[in-house]
Amino acid sequence: MMLLLGMVIGWFCTKILSCHSQNSVTGTTPVLPAGEEESIVEIRDVSPAHFFTKIESFSLFSNSGIESYECREFEAGGYNWRLIIYPNGHPSKEKKGNHVSVYLAMSETNYLPEDWELNVIFTIFLYNQILDNYLCVRVDGVRRFSEAKSMWGFPKFISKKSLRDESSSYLVEDNFVVGAEVFVLKRQRVSERLTLFKPTTQKRVWKIRGFSKLDDDVWFSEEFTVTDVNWKVQVYPNGHPSVNGRYVSIFLICVSADSFAPHQKVKADFNIRLKGWPAAILDSGKISHWFTSSTRSRPLYEFVSVYWLHDPKSCILVKDCCTVEVEIYVQLVAK
């Protein structure tokens with residue numbers, strides 16, 4: 001009975017050791033941060049999908065004075081990347097120089113928008129030249145590449161002591177082989193920038209001479225700028241066609257809205273006035289409006305009746321001349 005029990009225990013221990021041995025070769029083992037990056041280390045037979053480089057006479061780096069080597073550019077996920085190898089360690093992350101540091105960096109970011117950022121999962125590969133497989137060091141989770149930080153990696157990718165060991169299979173005949181896989185997490189991010197402005201009104205004034213001679217013509221002011229937004233005023237002396245010539249119509253037009261994307265908009269308060277003599281004023285009162293690509297103007301179709309405007313008692317038209325005044329306060333701009 002004791003012999004049988006001993007055989008069972010022995011078989012059970014053998015299975016445990018066997019499973020542990022298999023997991024150490026093909027399994028995934030979380031490790032503590034290697035300098036600044038938490039990483040996952042695994043062994044893989046399949047070569048890296050995106051980049052592969054072989055450095056011959058690698059040990060000569062130590063005495064060459066070359067601090068880092070930027071590998072050739074490669075494309076992954078629609079973006080350009082480089083591996084940067086520090087043979088004696090990253091100068092600010094591995095000051096003792098006991099490790100080789102390897103980093104992934106974005107290349108050519110000038111064409112990207114101002115607030116660009118990418119979420120990336122990447123793996124750095126080290127080729128085992130004896131067993132013909134790869135030591136894979138992968139970031140534990142997602143890394144955010146942006147203008148503020150466009151390089152991530154492993155300051156203590158592998159110790160120089162382990163590379164120099166005669167039994168090392170990662171530095172054979174002084175050849176060092178590394179590679180990379182980069183996977184960009186695609187997203188459809190919608191961004192917006194909203195700018196609010198302090199209450200500051202700006203006025204523009206024009207004199208329209210020969211007002212009654214304009215007939216069916218439309219009068220336009222010159223283009224003007226208020227808070228980086230371009231505007232102009234449009235006057236129909238005999239009314240917009242929609243009011244059958246009974247009223248003078250005045251429009252405030254946001255010229256900048258012609259080039260607005262569908263989501264862009266401007267919120268403005270404004271007053272429009274017709275001024276005569278000595279102090280005759282017709283005032284629209286304060287009007288608030290959202291100007292967009294589809295509502296680029298705010299029409300006042302019935303600003304004043306044509307009959308009243310031409311009546312001498314109104315004192316607005318003086319010697320067939322009147323003054324148009326617009327006062328605008330741009331409250332916010334959304335881009």
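Everything numeric in this text was worked out from a predicted model, so none of it was measured. Keep in mind that the numbers below use all heavy atoms, side chains included, and drop hydrogens, waters and symmetry copies.
- With hydrogens and angles disregarded, a donor-acceptor distance shorter than 3.5 Å links the side chain of Q129 to the backbone of Y170.
- Summarising the geometry of S293 relative to A261, their closest heavy-atom pair is OG-O, 4.2 Å, with the distance given to 0.1 Å.
- Panel note: side chain S150, backbone F145; no donor-acceptor pair is recorded below 3.5 Å.
- At most 12 non-hydrogen atoms from other residues, nucleotides or ligands lie less than 6.0 angstrom from CD of E173.
- Here the side chain of W219 pairs no donor or acceptor atom with the backbone of I208 at under 3.5 angstrom.
- By the rule that hydrophobic residues join a cluster once side-chain heavy atoms approach within less than 4.5 Å of another member, V41 and V102 end up as members of one cluster.
- For S249 (side chain) and Y301 (main-chain N/O), a donor-acceptor pair under 3.5 Å exists by modelled atom type.
- Taking the six-membered ring where the residue is Trp, F58 and F176 present parallel rings, their angle staying beneath 30° rather than reaching 60°.
- Closest non-hydrogen pair, S284 versus F303, comes out as CB-CE1, 3.7 Å.
- Between the side chains of S101 and H99, not a single donor N or O lies within less than 3.5 Å of an accepting N or O.
- Of the candidates F51, F52, F122, Y79, F51 is the only one forming a ring-ring contact (aromatic ring centres under 6.0 Å, His included) with F74.
- Using cut-offs of 30° and 60° on the angle between ring planes, the pair H90 and Y103 is tilted.
- Counting only heavy atoms from C-beta outward, the side chains of R138 and R44 never approach each other to under 4.5 Å.
- Hydrophobic clustering (side-chain heavy atoms under 4.5 Å, transitive across Ile, Leu, Val, Met, Phe, Trp, Tyr) keeps W290 apart from I287.
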Could you check F224 against V326 for side chain to side chain contact (heavy atoms under 4.5 Å, CB included), going step by step and ending with a plain yes or no? CA-CA 11 Å; F224 61 97; V326 61; 3.9 Å; yes
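- Checking side-chain atoms of D174 against main-chain N and O of S59 turns up a donor-acceptor pair under 3.5 Å.
- Side-chain atoms of M106 and W116, non-hydrogen and from C-beta on, do get closer than 4.5 Å to each other.
- Taking the six-membered ring where the residue is Trp, the centroids of F183 and H50 are separated by under 6.0 Å.
- Using a 4.5 Å cut-off between side-chain heavy atoms of Ile, Leu, Val, Met, Phe, Trp and Tyr, with links allowed through other members, V243 and V218 fall into the same hydrophobic cluster.
- Other residues, nucleotides and ligands contribute only 12 or fewer heavy atoms inside 6.0 Å of the NZ atom of K275.
- Annotation: side chain of N175 is not in contact with side chain of I55 (no heavy-atom distance under 4.5 Å).
- For the side-chain contact (heavy atoms from CB on, under 4.5 Å) test with C254, the passing option among T295, V229, I328 is V229; the others fail.
- Residue D311 places its CG atom among more than 12 non-hydrogen atoms of other residues, nucleotides or ligands, all under 6.0 Å distant.
- With W206 contributing its side chain and F220 its backbone, the two residues share no donor-acceptor pair below 3.5 Å.
- In this structure, S221 OG and R204 CZ are separated by 10.0 Å, a value rounded to the nearest 0.5 Å.
- Judged purely by atom type and a 3.5 angstrom limit, S314 uses its side chain to pair as donor or acceptor with the backbone of L309.
- Separation of the F251 and Y236 ring centroids falls under the 6.0 Å cut-off.
- Using a 4.5 Å cut-off between side-chain heavy atoms of Ile, Leu, Val, Met, Phe, Trp and Tyr, with links allowed through other members, F270 and F197 fall into the same hydrophobic cluster.
- In this structure, W308 is not a member of the same hydrophobic cluster as V318, with clusters built from ILVMFWY side-chain heavy atoms closer than 4.5 Å.
- Side chains of D269 and S288: a donor-acceptor N/O pair is present below 3.5 angstrom, by distance only.
- Counting only N and O atoms by type, the side chains of N98 and S159 include no donor and acceptor under 3.5 Å apart.
- Closest approach of K198 to Y329, counting heavy atoms only: O-CE1, 3.5 Å.
- Nearest heavy atom pair, residue I316 against residue L274, reads CD1-O, 3.8 Å.
- The closest donor-acceptor contact from the side chain of H240 to the backbone of S242 lies under 3.5 Å.
- Ion pair R273/E327 flagged as a salt bridge, since at least one NZ, NE, NH1 or NH2 atom sits closer than 4.0 Å to an Asp/Glu carboxylate oxygen.
- Counting only heavy atoms from C-beta outward, the side chains of P48 and Y134 approach each other to under 4.5 Å.
- Within the 4.5 Å cutoff, side-chain heavy atoms of F154 are placed close to those of V139.
- At a cut-off of 3.5 Å, with distance as the only test, a side-chain donor of Y127 or D132 sits close to an acceptor on the other residue.
- Using modelled atom types, one side-chain atom of T292 and one backbone atom of S294 make a donor-acceptor pair closer than 3.5 Å.
- Screening V330, L332, L196, V333 for a side-chain contact (heavy atoms from CB on, under 4.5 Å) involving K267 leaves a single residue, L332.
- Looking at S107, its side chain never comes within 3.5 Å of a backbone N or O of N80 through a donor-acceptor pair.
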